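One structure is given here, and the rest of the page talks about it.
Everything numeric in this text was worked out from a predicted model, so none of it was measured. Every chain is numbered from 1 and lettered A, B, ... according to where its sequence line falls, protein lines coming before strand lines.
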Amino acid sequence: MDLKNIFEKFSGKSKIFRNREALQARYHPEKILHRDKELEKIAAILAPSLKGEKPSNLFIYGKTGTGKTLCVLHVAKQLEEFAREKKGNVRIIYVNCKLKRVADTPYRLLAHILHELGQEVPSTGLPTDELYKAFYDLIDRRSDVIILILDEIDQLVAKSGDDILYNLSRIDSELKKARLSIVGISNDLLFAENLDPRVKSSLSEEEVVFPPYNALQIKDILEERARIAFQQGVIGEGVIQKIAAISARSHGDARRALELLRITGELAERKDMNKLTLELVDEAEEKMESENIIETIKAQPQQYKAVLYTTIILNEKNMEINTGELYNHYRRLCSQIKVRPLTQRRVSDIIAELDMQGLLSAKTINRGRYGRTKSIECTIPLRLLEHVKKILREDLGL
DNA sequence: AGGTATTCACATGAAACTATTCTCTGAGTTAGG
DNA sequence: TAACTCAGAGAATAGTTTCATGTGAATACCTGT
(Lines give C-alpha, C1' and ligand atoms only; values in the text may rest on other atoms or scores of the structure.)
Protein backbone atom coordinates (compact mmCIF):
# COMPACT_ATOMS: atom_id res chain seq x y z
CA MET A 1 0.00 0.00 0.00
CA ASP A 2 1.36 3.37 -0.90
CA LEU A 3 0.88 5.54 2.13
CA LYS A 4 2.20 8.54 0.32
CA ASN A 5 -0.77 8.39 -1.93
CA ILE A 6 -3.13 8.52 0.97
CA PHE A 7 -1.40 11.43 2.60
CA GLU A 8 -1.35 13.29 -0.64
CA LYS A 9 -5.02 12.74 -1.12
CA PHE A 10 -5.79 14.13 2.29
CA SER A 11 -3.36 16.98 2.40
CA GLY A 12 -3.99 18.21 -1.08
CA LYS A 13 -7.09 19.97 -2.11
CA SER A 14 -10.02 17.67 -1.83
CA LYS A 15 -12.18 17.13 -4.86
CA ILE A 16 -15.15 16.83 -2.59
CA PHE A 17 -14.75 18.98 0.49
CA ARG A 18 -14.06 22.62 0.71
CA ASN A 19 -14.54 22.98 4.45
CA ARG A 20 -15.34 19.81 6.24
CA GLU A 21 -15.66 21.63 9.56
CA ALA A 22 -19.01 23.00 8.54
CA LEU A 23 -20.57 19.59 8.94
CA GLN A 24 -19.24 18.95 12.39
CA ALA A 25 -21.42 19.19 15.45
CA ARG A 26 -19.42 21.95 17.06
CA TYR A 27 -19.54 24.20 14.02
CA HIS A 28 -21.46 27.40 14.60
CA PRO A 29 -23.02 28.72 11.45
CA GLU A 30 -23.55 32.42 10.98
CA LYS A 31 -27.13 31.98 10.01
CA ILE A 32 -29.49 29.83 11.98
CA LEU A 33 -32.38 28.73 9.85
CA HIS A 34 -35.96 28.15 10.93
CA ARG A 35 -35.39 29.20 14.50
CA ASP A 36 -36.23 32.88 14.34
CA LYS A 37 -39.07 32.66 16.80
CA GLU A 38 -37.06 30.74 19.34
CA LEU A 39 -34.06 33.00 19.01
CA GLU A 40 -36.19 36.07 19.52
CA LYS A 41 -37.89 34.62 22.51
CA ILE A 42 -34.67 33.63 24.19
CA ALA A 43 -33.14 37.00 23.45
CA ALA A 44 -36.14 38.78 24.87
CA ILE A 45 -36.00 36.76 28.03
CA LEU A 46 -32.30 37.30 28.59
CA ALA A 47 -32.23 40.94 27.54
CA PRO A 48 -32.96 42.47 30.97
CA SER A 49 -29.43 41.48 31.93
CA LEU A 50 -28.20 44.39 29.84
CA LYS A 51 -29.85 46.75 32.25
CA GLY A 52 -28.27 44.94 35.14
CA GLU A 53 -31.52 43.23 36.05
CA LYS A 54 -31.86 39.56 36.61
CA PRO A 55 -33.43 37.76 33.66
CA SER A 56 -36.05 35.13 34.43
CA ASN A 57 -34.80 31.63 34.78
CA LEU A 58 -35.38 29.79 31.57
CA PHE A 59 -36.04 26.24 30.61
CA ILE A 60 -35.51 24.96 27.13
CA TYR A 61 -36.92 21.69 25.87
CA GLY A 62 -36.45 19.87 22.63
CA LYS A 63 -35.24 16.57 21.29
CA THR A 64 -31.68 16.01 20.20
CA GLY A 65 -30.61 17.83 17.09
CA THR A 66 -33.26 20.51 17.21
CA GLY A 67 -30.78 23.31 17.66
CA LYS A 68 -31.26 24.12 21.33
CA THR A 69 -27.65 24.45 22.28
CA LEU A 70 -26.80 26.23 19.09
CA CYS A 71 -29.47 28.85 19.58
CA VAL A 72 -28.75 29.48 23.22
CA LEU A 73 -25.07 29.86 22.60
CA HIS A 74 -25.76 32.12 19.68
CA VAL A 75 -27.89 34.44 21.77
CA ALA A 76 -25.44 34.26 24.64
CA LYS A 77 -22.51 35.17 22.47
CA GLN A 78 -24.24 38.18 20.98
CA LEU A 79 -25.50 39.26 24.35
CA GLU A 80 -22.04 39.13 25.80
CA GLU A 81 -20.60 41.13 22.91
CA PHE A 82 -23.31 43.68 23.12
CA ALA A 83 -22.85 44.02 26.84
CA ARG A 84 -19.14 44.48 26.43
CA GLU A 85 -19.67 47.34 24.01
CA LYS A 86 -22.09 49.02 26.35
CA LYS A 87 -19.89 48.28 29.32
CA GLY A 88 -22.54 46.16 30.89
CA ASN A 89 -21.61 43.43 33.30
CA VAL A 90 -22.99 40.27 31.86
CA ARG A 91 -21.14 37.03 32.26
CA ILE A 92 -22.16 33.81 30.64
CA ILE A 93 -21.14 30.41 31.83
CA TYR A 94 -21.93 27.41 29.70
CA VAL A 95 -21.67 23.94 31.14
CA ASN A 96 -22.55 20.68 29.53
CA CYS A 97 -23.71 18.49 32.37
CA LYS A 98 -23.46 15.29 30.41
CA LEU A 99 -19.72 15.21 30.11
CA LYS A 100 -18.52 12.33 32.23
CA ARG A 101 -16.08 13.34 34.90
CA VAL A 102 -16.48 16.99 34.09
CA ALA A 103 -19.82 18.19 35.30
CA ASP A 104 -22.08 15.25 36.02
CA THR A 105 -22.20 15.58 39.80
CA PRO A 106 -22.87 18.55 42.06
CA TYR A 107 -19.28 18.78 43.16
CA ARG A 108 -17.89 18.55 39.68
CA LEU A 109 -20.41 20.96 38.29
CA LEU A 110 -19.39 23.57 40.80
CA ALA A 111 -15.72 22.81 40.30
CA HIS A 112 -16.21 23.27 36.59
CA ILE A 113 -18.03 26.56 37.01
CA LEU A 114 -15.32 27.83 39.30
CA HIS A 115 -12.75 26.76 36.77
CA GLU A 116 -14.57 28.72 34.09
CA LEU A 117 -14.47 31.72 36.38
CA GLY A 118 -10.75 31.30 36.79
CA GLN A 119 -10.56 29.68 40.17
CA GLU A 120 -8.96 26.29 40.40
CA VAL A 121 -10.32 23.83 42.86
CA PRO A 122 -9.12 20.34 43.75
CA SER A 123 -10.95 17.57 41.95
CA THR A 124 -11.96 15.90 45.18
CA GLY A 125 -11.46 16.01 48.90
CA LEU A 126 -13.37 19.12 49.81
CA PRO A 127 -16.90 19.24 51.15
CA THR A 128 -19.36 20.42 48.53
CA ASP A 129 -20.52 23.23 50.79
CA GLU A 130 -17.09 24.73 50.50
CA LEU A 131 -17.51 25.01 46.77
CA TYR A 132 -20.93 26.61 47.10
CA LYS A 133 -19.36 29.15 49.36
CA ALA A 134 -16.43 29.73 47.04
CA PHE A 135 -18.83 30.20 44.15
CA TYR A 136 -20.96 32.57 46.13
CA ASP A 137 -18.03 34.66 47.29
CA LEU A 138 -16.52 34.75 43.86
CA ILE A 139 -19.53 36.07 42.05
CA ASP A 140 -20.78 38.40 44.74
CA ARG A 141 -17.59 40.38 44.66
CA ARG A 142 -18.83 42.22 41.60
CA SER A 143 -22.30 43.28 40.69
CA ASP A 144 -22.50 41.23 37.53
CA VAL A 145 -25.43 39.51 36.03
CA ILE A 146 -24.44 35.92 35.60
CA ILE A 147 -26.22 33.64 33.24
CA LEU A 148 -25.53 30.02 33.93
CA ILE A 149 -26.38 27.73 31.06
CA LEU A 150 -26.75 24.11 32.08
CA ASP A 151 -26.93 21.91 29.02
CA GLU A 152 -28.38 18.41 29.26
CA ILE A 153 -29.51 19.20 32.72
CA ASP A 154 -31.73 16.12 32.80
CA GLN A 155 -28.61 13.94 32.90
CA LEU A 156 -27.35 15.77 35.93
CA VAL A 157 -30.61 15.47 37.79
CA ALA A 158 -31.05 11.85 36.84
CA LYS A 159 -27.69 11.10 38.39
CA SER A 160 -27.52 13.33 41.41
CA GLY A 161 -30.98 14.62 42.14
CA ASP A 162 -32.31 18.14 42.07
CA ASP A 163 -30.67 19.46 45.21
CA ILE A 164 -28.06 21.28 43.20
CA LEU A 165 -30.70 23.15 41.28
CA TYR A 166 -32.44 24.08 44.45
CA ASN A 167 -29.24 25.33 46.00
CA LEU A 168 -28.28 27.28 42.92
CA SER A 169 -31.62 28.97 42.71
CA ARG A 170 -31.34 29.81 46.37
CA ILE A 171 -27.91 31.31 45.97
CA ASP A 172 -29.42 34.00 43.83
CA SER A 173 -31.70 35.16 46.58
CA GLU A 174 -28.77 35.42 48.97
CA LEU A 175 -26.51 37.37 46.67
CA LYS A 176 -26.07 40.96 47.70
CA LYS A 177 -24.60 42.51 44.60
CA ALA A 178 -24.54 40.01 41.79
CA ARG A 179 -27.49 38.35 40.12
CA LEU A 180 -27.63 34.77 38.95
CA SER A 181 -30.06 33.32 36.50
CA ILE A 182 -30.17 29.82 35.23
CA VAL A 183 -30.89 28.51 31.77
CA GLY A 184 -31.56 24.80 31.71
CA ILE A 185 -31.53 22.80 28.53
CA SER A 186 -33.13 19.39 28.42
CA ASN A 187 -33.73 16.69 25.83
CA ASP A 188 -36.41 15.16 27.91
CA LEU A 189 -39.75 16.83 27.49
CA LEU A 190 -41.15 15.34 30.66
CA PHE A 191 -38.12 16.24 32.66
CA ALA A 192 -39.68 18.91 34.84
CA GLU A 193 -42.54 16.63 35.85
CA ASN A 194 -40.61 14.77 38.50
CA LEU A 195 -38.76 17.73 39.84
CA ASP A 196 -39.20 19.09 43.30
CA PRO A 197 -42.10 21.54 42.97
CA ARG A 198 -40.07 24.36 44.49
CA VAL A 199 -37.29 23.85 42.01
CA LYS A 200 -39.72 23.48 39.20
CA SER A 201 -41.51 26.70 39.84
CA SER A 202 -38.40 28.74 40.40
CA LEU A 203 -36.53 27.35 37.46
CA SER A 204 -39.14 27.34 34.78
CA GLU A 205 -40.28 30.90 35.06
CA GLU A 206 -40.01 30.92 31.30
CA GLU A 207 -40.02 28.06 28.87
CA VAL A 208 -39.12 27.66 25.26
CA VAL A 209 -39.87 24.50 23.36
CA PHE A 210 -37.96 23.52 20.25
CA PRO A 211 -40.12 21.47 17.91
CA PRO A 212 -38.39 18.96 15.63
CA TYR A 213 -37.47 20.13 12.17
CA ASN A 214 -39.53 18.82 9.31
CA ALA A 215 -38.02 17.43 6.14
CA LEU A 216 -38.15 20.74 4.30
CA GLN A 217 -36.42 22.59 7.06
CA ILE A 218 -33.72 19.98 7.30
CA LYS A 219 -33.26 20.24 3.60
CA ASP A 220 -32.67 23.98 3.91
CA ILE A 221 -30.19 23.47 6.69
CA LEU A 222 -28.33 20.80 4.81
CA GLU A 223 -28.19 22.93 1.69
CA GLU A 224 -26.89 25.88 3.60
CA ARG A 225 -24.14 23.89 5.23
CA ALA A 226 -23.37 21.94 2.10
CA ARG A 227 -22.70 25.18 0.30
CA ILE A 228 -19.93 25.90 2.76
CA ALA A 229 -18.67 22.39 3.18
CA PHE A 230 -18.50 21.01 -0.32
CA GLN A 231 -16.94 21.97 -3.61
CA GLN A 232 -19.35 23.21 -6.17
CA GLY A 233 -21.41 20.68 -8.01
CA VAL A 234 -20.34 17.54 -6.20
CA ILE A 235 -23.70 16.80 -4.71
CA GLY A 236 -25.74 14.54 -6.88
CA GLU A 237 -29.37 14.91 -7.73
CA GLY A 238 -31.71 14.17 -4.85
CA VAL A 239 -28.98 13.41 -2.32
CA ILE A 240 -29.95 16.13 0.06
CA GLN A 241 -33.63 15.37 -0.22
CA LYS A 242 -32.93 11.79 0.60
CA ILE A 243 -30.91 12.59 3.69
CA ALA A 244 -33.54 15.04 4.82
CA ALA A 245 -36.22 12.43 4.39
CA ILE A 246 -34.24 9.86 6.36
CA SER A 247 -33.70 12.14 9.29
CA ALA A 248 -37.23 13.50 9.27
CA ARG A 249 -38.38 9.94 9.64
CA SER A 250 -36.44 9.75 12.90
CA HIS A 251 -37.73 12.81 14.71
CA GLY A 252 -35.96 15.47 12.66
CA ASP A 253 -32.51 15.28 14.14
CA ALA A 254 -30.42 17.82 12.27
CA ARG A 255 -27.22 16.67 13.88
CA ARG A 256 -27.59 13.19 12.52
CA ALA A 257 -28.54 14.53 9.14
CA LEU A 258 -25.38 16.56 8.99
CA GLU A 259 -23.34 13.62 10.13
CA LEU A 260 -24.87 11.47 7.46
CA LEU A 261 -24.03 14.05 4.85
CA ARG A 262 -20.48 14.22 6.08
CA ILE A 263 -20.01 10.48 6.03
CA THR A 264 -21.47 10.31 2.55
CA GLY A 265 -18.92 12.87 1.48
CA GLU A 266 -16.12 11.00 3.14
CA LEU A 267 -17.10 7.81 1.41
CA ALA A 268 -17.08 9.57 -1.91
CA GLU A 269 -13.69 10.96 -1.20
CA ARG A 270 -12.24 7.67 -0.11
CA LYS A 271 -13.52 6.00 -3.21
CA ASP A 272 -12.07 8.75 -5.30
CA MET A 273 -15.42 9.58 -6.80
CA ASN A 274 -16.28 13.11 -7.72
CA LYS A 275 -19.93 13.13 -6.86
CA LEU A 276 -22.14 12.16 -3.96
CA THR A 277 -24.71 9.67 -5.13
CA LEU A 278 -27.85 8.16 -3.70
CA GLU A 279 -26.16 4.80 -3.33
CA LEU A 280 -23.48 6.40 -1.24
CA VAL A 281 -26.12 7.75 1.07
CA ASP A 282 -27.41 4.26 1.67
CA GLU A 283 -23.96 3.02 2.28
CA ALA A 284 -23.22 5.89 4.63
CA GLU A 285 -26.36 5.26 6.61
CA GLU A 286 -25.40 1.66 7.09
CA LYS A 287 -21.88 2.62 7.98
CA MET A 288 -23.03 5.16 10.49
CA GLU A 289 -25.24 2.64 12.19
CA SER A 290 -22.51 0.01 12.27
CA GLU A 291 -19.96 2.38 13.63
CA ASN A 292 -22.28 3.56 16.35
CA ILE A 293 -23.04 0.04 17.45
CA ILE A 294 -19.44 -1.09 17.40
CA GLU A 295 -18.34 1.97 19.29
CA THR A 296 -20.90 1.61 22.02
CA ILE A 297 -20.04 -2.05 22.41
CA LYS A 298 -16.35 -1.36 22.65
CA ALA A 299 -17.01 1.25 25.29
CA GLN A 300 -18.88 -1.13 27.59
CA PRO A 301 -17.31 -2.29 30.86
CA GLN A 302 -16.23 -5.87 31.07
CA GLN A 303 -19.22 -7.16 32.97
CA TYR A 304 -21.57 -5.59 30.48
CA LYS A 305 -19.66 -7.26 27.70
CA ALA A 306 -19.98 -10.57 29.45
CA VAL A 307 -23.73 -10.15 29.76
CA LEU A 308 -24.04 -9.09 26.16
CA TYR A 309 -21.93 -11.99 24.96
CA THR A 310 -24.07 -14.51 26.80
CA THR A 311 -27.23 -13.07 25.29
CA ILE A 312 -25.78 -13.24 21.82
CA ILE A 313 -24.74 -16.86 22.27
CA LEU A 314 -28.07 -17.90 23.74
CA ASN A 315 -29.95 -15.92 21.16
CA GLU A 316 -28.11 -17.74 18.40
CA LYS A 317 -29.20 -21.07 19.77
CA ASN A 318 -32.68 -19.72 19.40
CA MET A 319 -33.38 -20.27 23.03
CA GLU A 320 -35.95 -18.23 24.75
CA ILE A 321 -33.98 -16.11 27.17
CA ASN A 322 -35.21 -14.93 30.51
CA THR A 323 -33.25 -13.36 33.28
CA GLY A 324 -32.66 -16.55 35.22
CA GLU A 325 -31.36 -18.50 32.24
CA LEU A 326 -29.16 -15.65 31.21
CA TYR A 327 -27.80 -15.32 34.70
CA ASN A 328 -26.87 -18.99 34.91
CA HIS A 329 -25.01 -18.91 31.63
CA TYR A 330 -23.42 -15.66 32.62
CA ARG A 331 -22.05 -17.24 35.77
CA ARG A 332 -20.63 -20.07 33.75
CA LEU A 333 -18.94 -17.60 31.46
CA CYS A 334 -17.53 -15.77 34.45
CA SER A 335 -15.90 -18.86 35.88
CA GLN A 336 -14.54 -19.60 32.46
CA ILE A 337 -12.83 -16.25 32.18
CA LYS A 338 -12.02 -16.14 35.88
CA VAL A 339 -14.06 -13.12 36.79
CA ARG A 340 -16.06 -12.80 39.95
CA PRO A 341 -19.69 -12.88 38.94
CA LEU A 342 -22.05 -10.14 39.99
CA THR A 343 -25.29 -10.73 41.79
CA GLN A 344 -28.47 -11.28 39.87
CA ARG A 345 -29.77 -7.99 41.12
CA ARG A 346 -26.93 -6.20 39.44
CA VAL A 347 -27.14 -8.22 36.23
CA SER A 348 -30.79 -7.29 36.06
CA ASP A 349 -29.78 -3.65 36.08
CA ILE A 350 -27.13 -4.24 33.48
CA ILE A 351 -29.70 -5.83 31.21
CA ALA A 352 -31.87 -2.77 31.63
CA GLU A 353 -28.98 -0.49 30.79
CA LEU A 354 -28.02 -2.46 27.71
CA ASP A 355 -31.65 -2.24 26.72
CA MET A 356 -31.52 1.51 27.06
CA GLN A 357 -28.51 1.64 24.80
CA GLY A 358 -30.34 -0.39 22.24
CA LEU A 359 -27.93 -3.30 22.19
CA LEU A 360 -30.64 -5.68 23.20
CA SER A 361 -34.31 -5.49 23.91
CA ALA A 362 -35.83 -6.68 27.15
CA LYS A 363 -39.55 -6.89 27.70
CA THR A 364 -40.95 -7.79 31.08
CA ILE A 365 -43.54 -10.48 30.70
CA ASN A 366 -45.84 -12.16 33.12
CA ARG A 367 -46.20 -15.86 32.85
CA GLY A 368 -48.69 -16.11 35.65
CA ARG A 369 -48.06 -19.09 37.82
CA TYR A 370 -44.62 -19.32 36.28
CA GLY A 371 -43.48 -16.00 37.50
CA ARG A 372 -42.39 -12.79 35.94
CA THR A 373 -39.27 -12.19 33.88
CA LYS A 374 -37.76 -10.25 31.10
CA SER A 375 -37.73 -11.79 27.72
CA ILE A 376 -34.43 -10.76 26.26
CA GLU A 377 -33.51 -10.48 22.64
CA CYS A 378 -30.39 -9.37 20.91
CA THR A 379 -31.01 -6.51 18.49
CA ILE A 380 -27.64 -6.26 16.83
CA PRO A 381 -28.08 -6.53 13.08
CA LEU A 382 -27.05 -9.85 11.61
CA ARG A 383 -24.40 -8.43 9.37
CA LEU A 384 -22.48 -7.23 12.43
CA LEU A 385 -22.94 -10.25 14.59
CA GLU A 386 -19.74 -12.09 13.72
CA HIS A 387 -17.71 -8.96 14.04
CA VAL A 388 -19.26 -8.13 17.39
CA LYS A 389 -18.70 -11.62 18.71
CA LYS A 390 -15.07 -11.42 17.73
CA ILE A 391 -14.64 -8.13 19.53
CA LEU A 392 -16.33 -9.43 22.63
CA ARG A 393 -14.32 -12.63 22.65
CA GLU A 394 -11.10 -10.69 22.39
CA ASP A 395 -12.04 -8.24 25.09
CA LEU A 396 -13.18 -10.97 27.41
CA GLY A 397 -10.06 -12.99 26.84
CA LEU A 398 -11.71 -16.04 25.35
C1' DA B 1 -69.10 -22.79 36.80
C1' DG B 2 -67.53 -19.03 39.41
C1' DG B 3 -64.81 -16.97 42.82
C1' DT B 4 -60.72 -16.60 45.83
C1' DA B 5 -56.23 -17.52 47.23
C1' DT B 6 -51.57 -18.95 46.05
C1' DT B 7 -47.51 -18.90 43.89
C1' DC B 8 -43.74 -18.33 40.89
C1' DA B 9 -39.57 -15.86 39.26
C1' DC B 10 -38.21 -12.39 39.02
C1' DA B 11 -38.73 -6.80 39.02
C1' DT B 12 -37.96 -2.78 41.48
C1' DG B 13 -36.40 0.17 45.47
C1' DA B 14 -33.65 1.67 49.16
C1' DA B 15 -29.91 1.50 52.00
C1' DA B 16 -25.57 0.00 53.20
C1' DC B 17 -21.04 -1.31 51.95
C1' DT B 18 -16.33 -1.20 49.43
C1' DA B 19 -12.68 0.86 47.19
C1' DT B 20 -10.43 4.74 45.24
C1' DT B 21 -8.91 9.33 44.97
C1' DC B 22 -7.92 13.38 47.06
C1' DT B 23 -7.71 17.25 50.92
C1' DC B 24 -6.87 18.81 55.48
C1' DT B 25 -5.01 18.59 60.07
C1' DG B 26 -2.20 17.89 63.70
C1' DA B 27 1.46 15.11 65.83
C1' DG B 28 5.96 13.91 65.47
C1' DT B 29 10.53 14.56 63.20
C1' DT B 30 14.32 17.00 61.35
C1' DA B 31 17.74 20.47 60.20
C1' DG B 32 19.56 24.73 60.97
C1' DG B 33 20.37 28.59 64.12
C1' DT C 1 12.05 27.00 66.21
C1' DA C 2 10.50 26.77 61.61
C1' DA C 3 9.97 23.52 58.01
C1' DC C 4 8.80 19.05 56.74
C1' DT C 5 6.73 14.33 56.80
C1' DC C 6 3.28 11.31 57.42
C1' DA C 7 -0.65 8.93 59.28
C1' DG C 8 -5.43 9.37 60.05
C1' DA C 9 -9.98 11.53 59.48
C1' DG C 10 -13.25 13.19 56.06
C1' DA C 11 -15.31 13.88 51.36
C1' DA C 12 -17.05 12.68 46.84
C1' DT C 13 -18.07 9.09 43.70
C1' DA C 14 -18.72 4.71 41.27
C1' DG C 15 -20.07 0.28 41.49
C1' DT C 16 -21.87 -3.14 44.02
C1' DT C 17 -24.25 -6.11 47.59
C1' DT C 18 -27.93 -6.84 50.97
C1' DC C 19 -32.34 -6.59 52.43
C1' DA C 20 -37.13 -5.66 51.51
C1' DT C 21 -41.10 -5.24 49.02
C1' DG C 22 -43.94 -5.51 44.72
C1' DT C 23 -46.21 -7.76 40.52
C1' DG C 24 -49.84 -9.98 37.86
C1' DA C 25 -51.84 -13.74 35.65
C1' DA C 26 -51.71 -19.02 35.42
C1' DT C 27 -53.06 -22.39 38.59
C1' DA C 28 -54.94 -24.65 42.88
C1' DC C 29 -58.54 -24.83 45.85
C1' DC C 30 -63.10 -23.99 47.38
C1' DT C 31 -68.09 -23.42 47.24
C1' DG C 32 -72.50 -23.98 46.14
C1' DT C 33 -75.23 -25.78 42.29
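- Distance A/Glu120 CD to B/dC22 C1': 16 Å, rounded to the nearest Å.
- In this structure, CZ of A/Arg340 is placed 9 Å from C1' of C/dT17, rounded to the nearest angstrom.
- Listed nucleotides: C/dA12, C/dT17, C/dA14. Nearest to the side chain of A/Arg101: C/dA14.
- The existence of a salt bridge linking A/Glu223 and A/Arg227 is excluded, since no basic side-chain nitrogen approaches an acidic carboxylate oxygen closer than 4.0 Å.
- Nucleic acid contact for A/Thr128: sugar-phosphate only, since backbone atoms but no base atoms lie under 4.0 Å from a heavy atom of the residue.
- Between B/dC10 and A/Lys363, no contact under 4.0 Å exists linking OP1 or OP2 to a side-chain N or O.
- Between A/Ser348 and B/dA11, a side-chain N or O to OP1/OP2 separation shorter than 4.0 Å is present.
- Here the side chains of A/His34 and A/Leu216 are not in contact, with every heavy-atom distance at 4.5 Å or above.
- Rounded to whole angstrom, the span from the CD atom of A/Gln344 across to the C1' atom of B/dC8 amounts to 13 Å.
- A/Arg367 places its CZ atom 12 Å from the P atom of C/dA26, with the value rounded to the nearest Å.
- Considering only the side chain of A/Asn366, C/dG24 comes nearest among C/dG15, C/dG24, C/dA12.
- Listed candidates were B/dA9, B/dT23, B/dC22. Nearest to the side chain of A/Arg372 is B/dA9.
- Remark: A/Arg367 is not positioned above the aromatic ring of A/Tyr370, lacking an NZ or CZ atom under 6.0 angstrom from the ring centre and at most 45 degrees off the axis.
- In this model, the phosphate group of B/dA9 is not approached by any side-chain N or O of A/Asn322 to a distance below 4.0 Å at OP1 or OP2.
- Rounded to a whole Å, the CG atom of A/Leu342 is 15 Å from the C1' atom of B/dC17.
- Across all strands shown, A/Arg108 has heavy atoms under 4.0 Å from sugar-phosphate atoms exclusively, and none from any base.
- Residue contacts shown for A/Lys159 are limited to sugar-phosphate atoms, with no base heavy atom under 4.0 Å away.
- One interatomic measurement links the two molecules: CZ of A/Arg345 to P of B/dA14, which rounds to 10 Å at whole-angstrom precision.
- Distance A/Leu126 CG to B/dT21 C1': 13 Å, rounded to the nearest Å.
- Residues A/Ile32 and A/Leu70 meet the side-chain proximity criterion, which asks for heavy atoms closer than 4.5 Å.
- Proximity of A/Thr343 to the phosphate of C/dT17: a side-chain N or O atom is located under 4.0 Å from OP1 or OP2.
- Nearest nucleotide to the A/Asp104 side chain, out of C/dA14, B/dA9, C/dT16: C/dA14.
- The side chain of A/Tyr370 places an N or O atom within less than 4.0 Å of a non-bridging phosphate oxygen (OP1 or OP2) of C/dT27.
- Across A/Lys305, A/Lys390, A/Lys389, a single residue satisfies salt bridge (charged side-chain N to carboxylate O under 4.0 Å, His left out) together with A/Asp395, and that is A/Lys305.
- Donor-acceptor pairing under 3.5 Å, judged by distance alone, is absent between the side chain of A/Arg369 and the base of C/dG24.
- The nearest whole Å value for the distance from the OH atom in A/Tyr327 to the C1' atom in C/dT16 is 12 Å.
- Under the 6.0 Å cut-off for aromatic ring centres, A/Tyr309 and A/Tyr330 do not qualify, their centroids lying 6.0 Å or more apart.
- A/Asp349 comes within contact range of no nucleotide atom at all, as no heavy-atom separation falls under 4.0 Å.
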